[in-house]
Amino acid sequence: MVDTETTATTDAPRNFIRDIVQDDLEAGRARGVVTRFPPEPNGFLHLGHAKSICLNFGIAKEFGGRCHLRFDDTNPVKEEQLFIDSIQADVRWLGFDWGEHLYYASDYFEQLYEWAEHLVRTGNAYVDDTPADGMRAQRGTLTEPGQNSPFRYRPVEENLDLFRRMRAGEFPNGTRVLRARIDMASGNMNLRDPVLYRILHAPHPRTGDAWSIYPTYDFAHGQSDAIEHITHSVCTLEFEDHRPLYDWLIEHLPVPSRPRQYEFARLNVTYTILSKRHLTRLVTEGHVTGWDDPRMPTIAGIRRRGVPAAALREFVSRVGVARAYSTVDVAMFESAIRDTLNPSAPRRMAVLRPLKLIIDNYPEGQTETLDARNHPDNPEAGSRPVTFGREIYVEQDDFMEVPPKKFYRLSPGKEVRLRYGYFVTCREVVKDADGQVVALRCSYDPGSKGGNAPDGRKVQATLHWVAAADAVPAEIRLYAHLFNRPDPGAEGDALADINPESLEVLTGALVEPALADAPVGEAVQFERTGYFAIDPDSRPGRLVFNRTVGLRDTWAKVSAKG
RNA sequence: UGGGGGAUAGUUUAGCGGUAAAACUCCCGGCUCUGACCCGGGCAUCCUUGGUUCGAAUCCAGGUCCCCCAGCCA
């Protein structure tokens with residue numbers, strides 16, 4: 001059976017974050033470890049999130065701590081319940097469990113508001129009436145310091161009054177914000193009086209219209225961590241510059257714990273795009289069929305494609321965690337998928353592009369049942385019967401009328417083995433009026449039943465096949481990389497690099513009957529072609545398979561070289 | 001000409017002062033009722049220049065290149 005285990009393994013390799021946690025534990029700086037995975041529910045989870053999920057949940061598990069799932073839902077205009085639901089499903093599918101620890105930043109809105117007032121009262125925050133463009137102008141540039149807002153030294157009482165009225169909904173969007181009073185001349189832009197609250201008259205998926213002001217990421221994140229007693233708040237490198245602000249807020253607020261932030265390099269993969277903005281466009285502009293299109297790097301897409309959760313975890317584990325910017329070869333992902341599937345995926349025979357083969361010396365109307373093993377290395381997987389007959393189908397790629405050197409498969413006069421069946425020799429090539437090969441007439445050796453010749457002679461190739469008598473038609477979807485260059489977007493718009501041939505639909509495929517009742521999502525290996533899984537589009541009588549990943553194809557390389 | 005980070009094989013990662021390790025890719029070969037799997041073998045002037053040291057990928061100093069930051073996004 002396919003590996004469908006849902007419990008994540010703990011064989012994670014060493015990395016600098018684990019080292020930090022271990023040191024903190026050993027030095028007594030932390031009594032236990034509490035991490036969190038904090039997605040904003042504004043899209044589907046993808047490969048990059050998988051890395052973060054495995055890291056955060058993995059560390060918690062390794063050190064006997066816990067990992068929270070917390071939705072960073074501070075911007076209601078971008079967030080939807082649909083995403084909240086899908087994210088939970090995806091994390092679970094990946095094999096992780098947050099137990100009772102499901103939280104929302106919005107759960108803390110009241111507490112955060114109180115802390116905001118605290119900052120106002122202590123003179124560390126003020127209400128600024130400067131419009132957005134004015135604030136931008138006052139912020140300065142990367143090399144020039146910013147200018148103080150004229151409202152920077154507003155009296156505490158006035159700030160308090162204004163802030164309360166902001167909450168009460170008295171002012172329109174964008175007319176005022178609450179800012180931390182830190183340092184307009186800081187080299188770190190995040191310290192130039194960052195915005196803590198903005199006015200947003202927008203309904204929130206969870207709090208409805210209870211609020212007309214919402215905290216920014218910077219004000220919500222660290223404090224949420226503190227509320228949950230997160231010990232190690234792990235995020236990606238682009239938040240490095242926010243750490244001083246994270247710490248500043250923790251220091252100036254009466255928070256119940258002192259979390260620490262650590263950053264690692266986000267995942268990049270060749271031929272893939274992982275920015276939420278681009279993924280959203282792929283969906284909304286119709287370049288793919290949805291968030292779960294098997295070509296998408298989303299967890300949902302990957303799952304639909306037939307990739308087991310264990311393969312995703314294995315990939316993340318192989319990639320490692322570091323602070324160096326990097327782009328992982330997508331081949332590493334494909335390899336992890338094959339390695340995960342190979343030991344367990346049942347073997348079946350399916351002919352993607354059928355070519356009829358007629359065995360002239362096989363009795364007409366006769367069929368027989370042969371025994372085919374379900375797995376070459378695992379006898380316990382058992383076997384299944386396959387029908388053999390006078391007319392069978394083989395792969396078009398397995399025949400060449402004029403074979404190049406090193407082509408071991410069928411060609412005029414050549415003998416090959418039909419897997420678990422007989423040796424057959426190609427005697428005649430049947431063509432239509434256009435000269436296209438439409439069938440092969442062959443002879444077989446009755447003594448080679450089961451796949452071995454009585455005289456011990458060898459053949460160079462063993463072909464997969466299906467019998468015309470009981471083959472089942474199927475649609476097979478072959479996927480190639482969604483982008484046609486390893487670094488999509490490196491020159492201009494990433495969507496301009498979309499591979500127009502990322503999907504190939506084969507409607508005339510024939511598969512062995514044992515495949516007719518394959519469960520959705522579980523991968524099987526079509527011998528000699530790859531790993532495939534039933535797509536949810538599949539219906540009784542209309543099988544649809546997705547190619548999860550192909551097998552390594554040495555011949556393709558040899559033949560490509562000529 | 002601001003601040004913050006990063007540089008180890010084609011790609012990721014390990015290495016934490018003792019003479020470069022693993023996975024993936026690629027190449028060569030073996031095995032084979034999947035040209036799969038599996039098994040051999042090959043592929044690195046550790047960004048650079050100096051310094052410290054018996055000894056440096058590891059420590060120090062200078063340089064170079066790359067990434068992030070000027071949202072009332074996260």
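Note that this is a predicted model, so its numbers are computed, not measured. Below, read A as the first sequence line, B as the second, and so on, with proteins coming before strands; counting in each chain starts at 1.
- Nearest nucleotide to the side chain of Arg136(A), out of rG71(B), rG35(B), rG5(B): rG71(B).
- Pairing for rU45(B) is absent, judged as Watson-Crick or G-U wobble with the two contacts each under 3.5 Å.
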Just the table, please: protein N/O against nucleotides 36-40 of chain B N/O, every pair under 3.5 Å.
residue : atom : partner   : partner atom : Å
rA36(B) : OP1  : Thr554(A) : OG1          : 2.5
rC37(B) : OP2  : Arg552(A) : NH1          : 3.2
rC37(B) : O2'  : Asn342(A) : ND2          : 3.1

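- Among the nucleotides rC72(B), rC16(B), rG4(B), the one closest to the side chain of Val195(A) is rC72(B).
- Cation-pi contact between Arg338(A) and Tyr531(A): absent, since separation from the ring centre below 6.0 Å together with deviation from the ring axis within 45° is not met.
- Pair assignment for rG18(B) gives rC54(B), based on Watson-Crick or G-U wobble hydrogen-bonding distances that are each under 3.5 Å.
- Between Thr143(A) and Tyr408(A), the residue anchored nearer the 5' end of RNA chain B, judged by the nucleotide with its closest heavy atom, is Thr143(A).
- Between Lys78(A) and Asp73(A) no salt bridge is recorded (no basic side-chain N to carboxylate O distance below 4.0 Å).
- Contact check on Arg14(A) versus Asp19(A) returns a salt bridge, with a Lys/Arg side-chain nitrogen under 4.0 Å from an Asp/Glu carboxylate oxygen.
- Stacking is found between Trp555(A) and the pyrimidine-like six-membered ring of the rG35(B) base under the 5.5 Å centre-distance and 30° plane-angle cut-offs.
- Closest to the side chain of Arg318(A), from the set rA23(B), rC16(B), rG5(B), is rA23(B).
- In this entry rA7(B) has rU64(B) as its Watson-Crick or G-U wobble partner, both defining distances falling under 3.5 Å.
- Comparing the C1' positions of rC65(B) and rC47(B) gives a spacing of 8 Å, expressed to the nearest Å.
- Of the two residues near RNA chain B, Val558(A) and Tyr197(A), the one whose nearest nucleotide lies more 5' is Val558(A).
- Across every strand in view, rG29(B) sits in a pair with rC39(B) that passes the Watson-Crick or G-U test at under 3.5 angstrom.
- At rG2(B), none of the side-chain N or O atoms of Ser186(A) fall inside 4.0 Å of OP1 or OP2 (strictly under the cut-off).
- Ion pair Arg528(A)/Asp553(A) not flagged as a salt bridge, since none of the NZ, NE, NH1 or NH2 atoms sits closer than 4.0 Å to an Asp/Glu carboxylate oxygen.
- In rG41(B) the O4'-C1'-N dihedral to the base is more than 90° from 0, which defines an anti nucleotide.
- Look at rG2(B): its Watson-Crick or wobble partner, with both distances under 3.5 angstrom, is rC69(B).
- You'll find the ring centres of Trp115(A) and Phe219(A) outside the 6.0 Å limit.
- A salt bridge links Glu228(A) with Arg70(A); the closest basic N to acidic carboxylate O contact falls under 4.0 Å.
- Taking every side-chain heavy atom of Arg323(A) into account, rG6(B) is the closest of rU11(B), rC73(B), rG6(B).
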Side-chain polar contacts of residues 321-333 of chain A - donor-acceptor pairs under 3.5 angstrom, sequence neighbours left out - could you list them?
residue   : atom : partner   : partner atom : Å
Arg323(A) : NH1  : Glu263(A) : O            : 3.1
Arg323(A) : NH1  : Glu263(A) : OE1          : 3.3
Arg323(A) : NH2  : Glu240(A) : OE2          : 2.3
Asp329(A) : OD1  : Ala331(A) : N            : 2.9

